[in-house]
Number of protein chains: 2
Amino acid sequence: MSRKAQHSDIAFRKHDHRRCQRELLSGAQQLCARRKQRLTSRRRQVFEILLASHQPLGAYDILAAMNRVGNLERIAPPIVYRALDFLMGEGLIHRIESKNAFITCVDPGHRCAAQFLICRDCDQVAELETEDASLVAAAADLGFAVDHSVVEITGVCAECQKHGG
Amino acid sequence: MSRKAQHSDIAFRKHDHRRCQRELLSGAQQLCARRKQRLTSRRRQVFEILLASHQPLGAYDILAAMNRVGNLERIAPPIVYRALDFLMGEGLIHRIESKNAFITCVDPGHRCAAQFLICRDCDQVAELETEDASLVAAAADLGFAVDHSVVEITGVCAECQKHGG
DNA sequence: GACATAATGTTATATTATAACATAACTCGA
DNA sequence: TCGAGTTATGTTATAATATAACATTATGTC
């Protein structure tokens with residue numbers, strides 16, 4: 001079994017999510033510091049909301065979480081979208097196109113195109129970082145210069161297959 | 001060079017688009033007839049608008065095209081979305097998630113997961129039908145049952161690289 | 001033709017995302 | 001430390017995408 005597979009199934013296995021969160025947060029802080037980018041409190045707030053979630057969240061879910069904190073402020077959409085743009089720009093989160101949602105990157109800094117396995121039952125997402133050699137080859141054949149790739153596989157994870165029937 | 005590549009680059013090469021359209025339309029009619037599905041005039045209208053386009057179109061672009069025909073009727077969004085749902089269900093068109101847009105399938109009936117190369121300059125899309133073996137293997141490793149896959153590669157096609165600089 | 005079903009039409013509204021501009025906060029050199 | 005330039009945040013309004021719910025019409029079948 002490949003390293004990728006070991007890596008990939010984090011979302012589909014029990015693990016210490018608390019620790020996972022702490023590590024990703026401090027990793028993000030270090031990464032931003034190294035790049036002279038500012039992980040401001042708003043940006044961190046959005047990042048932490050995503051970290052705390054086991055599922056991808058829509059921008060308005062994040063917005064609701066921010067407004068739910070019982071305080072007086074009423075956050076508006078652009079604030080969330082701007083924080084999301086920043087976090088995506090730094091590779092700290094990914095956008096799941098087929099769900100209009102966002103999720104933390106399991107391995108920021110490691111700049112390889114991500115691929116996602118999305119369970120339509122439990123809504124969890126596993127991030128892989130395999131590379132599709134045949135697709136890369138086909139693109140090269142056509143002289144197509146790749147910028148960005150979206151690979152999102154929807155289905156049912158092993159756990160949900162057991163339970164769901 | 002593989003069959004896929006010969007197939008795939010249709011969108012990025014000169015070809016007889018008229019003939020291409022005619023063939024896809026009659027193919028769609030035959031396919032629906034065989035399946036006892038009704039390619040009604042509304043559905044065909046939407047399909048033809050997509051066929052006539054060299055680019056993916058948003059639902060509201062299609063809507064505008066339908067309302068532009070100088071006649072009195074004012075079509076509303078659900079009509080378009082329902083036709084799109086039908087056409088997707090029959091595999092006659094694809095949805096491009098990263099653009100919220102729709103495009104005709106170059107090879108309906110051939111039920112293999114499609115992959116797209118999307119030029120961000122000219123907005124044209126090449127449909128490939130390669131299969132990502134490593135991803136399929138990774139999914140199998142995890143016991144993940146694949147339902148549907150979205151593979152969308154954005155970049156710049158060969159033609160636009162020449163012109164654009 | 002009468003019934004059941006499928007498709008279309010209509011109205012209203014939900015969901016996702018951004019434009020445009022005002023204010024505040026940080027940075028850095030004088 | 002002041003202030004000019006820049007970056008980030010806040011605010012308001014609205015654009016773009018998509019669906020719910022229900023009324024009407026068309027189609028197929030007996």
Side-chain angles (χ1 to χ4, degrees), chain A residues 28-29 32-33 35-50 53 55-67 69 71-90 92-103 123 150 152, chain B residues 28-29 32-33 35-50 55-69 71-90 92-103 123 150 152:
Chain A
Q29 284 168 328
C32 286
R35 294 181 184 162
K36 310 264 189 240
Q37 293 295 319
R38 295 168 54 205
L39 187 61
T40 61
S41 64
R42 275 286 179 239
R43 290 166 176 174
R44 207 181 62 201
Q45 182 183 20
V46 169
F47 188 58
E48 287 182 334
I49 287 168
L50 283 172
S53 170
Q55 287 112 3
L57 296 179
Y60 281 75
D61 296 329
I62 295 168
L63 189 59
M66 290 168 89
N67 283 330
V69 198
N71 48 13
L72 337 84
E73 65 181 355
R74 228 92 269 267
I75 300 297
I79 294 187
V80 176
Y81 282 103
R82 284 193 291 229
L84 291 170
D85 283 347
F86 171 84
L87 296 167
M88 282 194 289
E90 297 304 319
L92 296 170
I93 65 173
H94 296 289
R95 180 181 164 86
I96 306 290
E97 294 290 346
S98 54
K99 295 181 74 83
N100 294 333
F102 302 86
I103 192 167
D123 224 42
V150 170
E152 299 172 9
Chain B
Q29 285 167 328
C32 288
R35 294 181 185 162
K36 311 264 189 240
Q37 293 295 319
R38 295 169 54 204
L39 187 61
T40 62
S41 64
R42 274 287 178 238
R43 291 165 176 175
R44 207 182 62 202
Q45 182 184 19
V46 169
F47 187 58
E48 288 182 333
I49 288 168
L50 282 172
Q55 287 113 3
L57 295 179
Y60 281 74
D61 296 329
I62 295 168
L63 189 60
M66 289 168 89
N67 283 331
R68 202 156 39 218
V69 199
N71 48 13
L72 338 82
E73 65 181 355
R74 226 92 269 265
I75 300 299
I79 293 186
V80 175
Y81 282 102
R82 283 192 292 230
L84 291 170
D85 283 346
F86 171 84
L87 296 168
M88 283 194 288
E90 297 304 319
L92 296 170
I93 65 173
H94 296 289
R95 180 180 163 86
I96 307 290
E97 295 290 347
S98 54
K99 295 182 73 83
N100 294 333
F102 302 86
I103 192 168
D123 224 43
V150 169
E152 299 173 6

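Throughout, protein chains are lettered first and strands after them, A, B, ... in sequence-line order, and every chain is numbered starting at 1. What you see below is based on every heavy atom in this structure, not just the backbone, and it leaves out hydrogens, waters and symmetry mates.
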Rounded interatomic separation in angstrom, taking [atom1] from [X] and [atom2] from [N]:
{"X": "Ile96(B)", "N": "dT17(D)", "atom1": "CD1", "atom2": "C1'", "result": "16 Å"}
{"X": "Arg74(B)", "N": "dT8(C)", "atom1": "CZ", "atom2": "C1'", "result": "17 Å"}
{"X": "Ile79(B)", "N": "dT17(D)", "atom1": "CD1", "atom2": "P", "result": "19 Å"}
{"X": "Lys36(B)", "N": "dA6(C)", "atom1": "NZ", "atom2": "P", "result": "16 Å"}
{"X": "Asn67(A)", "N": "dT9(D)", "atom1": "CG", "atom2": "P", "result": "16 Å"}

Return the set of residues passing side-chain hydrogen bond (donor to acceptor under 3.5 Å, both in side chains) with [X] (not counting sequence neighbours), or none when no residue passes.
{"X": "Arg95(A)", "answer": "Glu97(A), Asn100(A)"}
{"X": "Gln45(B)", "answer": "Arg42(B)"}
{"X": "Glu48(B)", "answer": "none"}
{"X": "Gln55(B)", "answer": "none"}

Identify each atom pair where a protein N or O and an N or O of nucleotides 2-5 of chain C are less than 3.5 Å apart, giving names and distance.
none

Quiz prompt | Sequence-distant partners of Arg35(B), salt bridge (Lys or Arg N to Asp or Glu O under 4.0 Å), two or more places apart | solution = Glu90(B)
Quiz item: Can you name the salt bridge (Lys or Arg N to Asp or Glu O under 4.0 Å) partners of Asp85(A), sequence neighbours left out?
Solution: none
Quiz prompt | Which atom of Phe86(A) lies closest to which atom of Arg38(A), heavy atoms considered | solution = CZ-O, 3.5 Å
Quiz item: If you take all heavy atoms of Pro77(A) and Tyr60(A), which pair is closest and at what distance?
Solution: CG-OH, 3.4 Å
Quiz item: Can you name the side-chain contact (heavy atoms from CB on, under 4.5 Å) partners of Ala101(A), sequence neighbours left out?
Solution: Pro56(A), Lys99(A)
Quiz item: Which residues satisfy the side-chain contact (heavy atoms from CB on, under 4.5 Å) test with Ala65(A), sequence neighbours excluded?
Solution: Ile49(A), Arg68(A)
Self-check item: Contacting residues from residues 39-48 of chain B, given that a heavy atom lies under 4.0 angstrom of DNA chain C
Solution: Thr40(B), Arg42(B), Arg43(B)
Practice problem: Could you grab the distance from atom CD1 of Ile62(B) to atom CG of Asn67(B), nearest 0.5 Å is fine? | Solution: 12.0 Å
Quiz prompt | Sequence-aligned protein contact record of nucleotides 12-25 of chain C, with B where the base is within under 4.0 Å of a protein heavy atom and S where only the sugar-phosphate is | solution = ----BBBBB-----
